[in-house]
Amino acid sequence: MAKSASIRVGRVTAYRRGKTWYLCYHDNGVRKRPRVGPDRDAARRLAAQTNAQLELGAPAPLSFEPVAIDNLRQRWLDYHEHVIKSSLATVRRYAAATRHLLNYVQVEQRVRHASDFRPTHVEAFAAYLRRIKVAPNGHANAVKKPLRDKGIKFILEICRSMFNYAAKRRHLPPYAENPFASFEIDRLPVEDAKPFVGFDAAQERAFLDACDEWQFPIFLTLMLTGVRPGELTHLLIDDVDLHDGWVYV
């Protein structure tokens, strides 16, 4: 006896079209028809799981909200600026880093939605970053230079964080991995780092002697703690423990 071409589990129907099984259900008033695959038993199990989650009011396992990469970028920047209150300098750095990804998907490789961005695109994006030249200070008239290894690594790390945000908010397909996760960003070598030359003891003393009463505690705190200027400007009196000598950043 031939098996039925459809399976009903509560509010969810699994049906076969050709050799492929699909689900059909309504989620928040919107009809969803996700593709499952050729396995009938897998379709039945997923239909039961989807029905259970719909009954509980939880998101269905195959549901996600596709979002354009430019919209994802704006949501992520707004989240940092207005929700978790990242410093404006941090938001500007994130905006500058993700602008490269936006330029890439709009000019080099036409990819509209975050859900369509694949690990192969990440590899091509990394190669693109090594080809382009940018103004180091962002000025339109500045001489453009290739990105340094450290800058490329930073851009890839920030884009990875943005796609982590997308995954947590179900903007990527179910069970899909962050496309930047498979790219070993942390192992990228930094071979052209700009050399750093710090003050010696005599120069530090001369610098602090030249500070006025307002500048001295500011620069001394920066030198002794290593905090960023943006972090220091966001400190409140509650963040300073004068009794035990702690500053909480």
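Throughout, numbering of the chain's residues begins at 1 and tracks the sequence. What's counted below: heavy atoms across the whole structure, side chains too, no hydrogens, waters or symmetry copies.
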To check you understand the geometry: which heavy-atom pair defines the closest contact between [X] and [Y], and what is its length?
X	Y	answer
N51	R11	OD1-N, 2.7 Å
A68	H113	N-CD2, 3.8 Å
C211	Q215	CA-OE1, 3.4 Å
V36	A43	CG1-CA, 3.9 Å
I155	F125	CG2-CZ, 4.0 Å
R31	C24	CD-SG, 3.9 Å

Could you list the residues that satisfy side chain to side chain contact (heavy atoms under 4.5 Å, CB included) with A5, not counting sequence neighbours? R16

Clusters formed by hydrophobic residues whose side-chain heavy atoms approach within less than 4.5 Å: which one holds [X], and what are its other members?
X	result
Y22	Y15
L242	V240
Y248	W246

Report whether [X] and [Y] are members of the same hydrophobic cluster (ILVMFWY, side-chain heavy atoms less than 4.5 Å apart, transitive linking).
X	Y	result
V107	V134	no
V247	F216	yes
V67	V30	no
I84	W76	yes
I152	I132	yes

Measure the [atom1]-[atom2] distance between [X] and [Y] for me, rounded to the nearest 0.5 Å.
X	Y	atom1	atom2	value
F163	I158	CZ	CD1	13.5 Å
R44	W21	CZ	CH2	10.5 Å
S182	E177	OG	CD	5.5 Å
L188	K153	CG	NZ	6.5 Å
F199	L208	CZ	CG	9.0 Å
H26	R33	NE2	CZ	8.5 Å

What salt bridge (Lys or Arg N to Asp or Glu O under 4.0 Å) pairs are there with at least one residue in [range], not counting sequence neighbours?
range	result
residues 103-114	E108-R131
residues 234-249	none
residues 141-150	R130-D149

Compute the ring centroids of H121 and F117, then answer whether they are less than 6.0 Å apart. yes

Do any side-chain atoms of residues 217-233 form donor-acceptor pairs under 3.5 angstrom with protein atoms, and if so which ones, sequence neighbours left out?
{"unit_1": "T221", "atom_1": "OG1", "unit_2": "P217", "atom_2": "O", "d": "2.6"}
{"unit_1": "T225", "atom_1": "OG1", "unit_2": "T221", "atom_2": "O", "d": "2.5"}
{"unit_1": "T225", "atom_1": "OG1", "unit_2": "V227", "atom_2": "N", "d": "3.3"}
{"unit_1": "E231", "atom_1": "OE1", "unit_2": "R228", "atom_2": "N", "d": "2.9"}
{"unit_1": "T233", "atom_1": "OG1", "unit_2": "P229", "atom_2": "O", "d": "3.3"}
{"unit_1": "T233", "atom_1": "OG1", "unit_2": "G230", "atom_2": "O", "d": "2.9"}

Could you tell me whether a side-chain N or O of S161 sits under 3.5 Å from a main-chain N or O of E157, the two making a donor and an acceptor? yes

Should we say atom CZ of R8 is surrounded by more than 12 heavy atoms from elsewhere, each under 6.0 Å from it? yes

Test salt bridge (charged side-chain N to carboxylate O under 4.0 Å, His left out) applied to E184 - qualifying residues, sequence neighbours left out: R187

Who passes ring pair (Phe, Tyr, Trp, His ring centres under 6.0 Å) against Y128, sequence neighbours left out? Y104

Are [X] and [Y] close enough that some pair of their side-chain heavy atoms sits under 4.5 Å apart?
X	Y	answer
L156	L129	yes
R118	P179	no
P119	F180	no

Would you check, one step at a time, whether the test side chain to side chain contact (heavy atoms under 4.5 Å, CB included) holds for D70 with V105? CA-CA 9 Å; D70 55 346; V105 299; over 6 Å; no

Tested for side-chain hydrogen bond (donor to acceptor under 3.5 Å, both in side chains) against D78, the lone hit among Q74, R75, H80 is Q74

Can you list the residues that meet the side chain to side chain donor-acceptor pair (under 3.5 Å) rule with N178, with sequence neighbours excluded? N164

Pair I69-D116, side chain to side chain contact (heavy atoms under 4.5 Å, CB included): steps then yes or no: CA-CA 10 Å; I69 293 177; D116 295 328; over 6 Å; no

Ion pair check, R45 and D41, cut-off under 4.0 Å: no

Let's go through R160 and D186 carefully: what are the C-alpha distance in whole Å and the side-chain angles of both, what is the deciding distance for salt bridge (Lys or Arg N to Asp or Glu O under 4.0 Å) to 0.1 Å, and is it a yes or a no? CA-CA 11 Å; R160 179 175 61 187; D186 300 326; 3.6 Å; yes

Hey, mind stepping through L23 and L46 against side chain to side chain contact (heavy atoms under 4.5 Å, CB included) and telling me if it holds? CA-CA 8 Å; L23 300 186; L46 194 55; 4.0 Å; yes

Tabulate below the donor-acceptor pairs under 3.5 Å that side-chain atoms of residues 88-103 make, not counting sequence neighbours, or state none.
{"unit_1": "T90", "atom_1": "OG1", "unit_2": "S87", "atom_2": "OG", "d": "2.9"}
{"unit_1": "T90", "atom_1": "OG1", "unit_2": "R93", "atom_2": "NH2", "d": "3.1"}
{"unit_1": "T98", "atom_1": "OG1", "unit_2": "R73", "atom_2": "NE", "d": "2.8"}
{"unit_1": "T98", "atom_1": "OG1", "unit_2": "Y94", "atom_2": "O", "d": "2.8"}
{"unit_1": "T98", "atom_1": "OG1", "unit_2": "A95", "atom_2": "O", "d": "3.3"}
{"unit_1": "N103", "atom_1": "ND2", "unit_2": "R99", "atom_2": "O", "d": "3.4"}

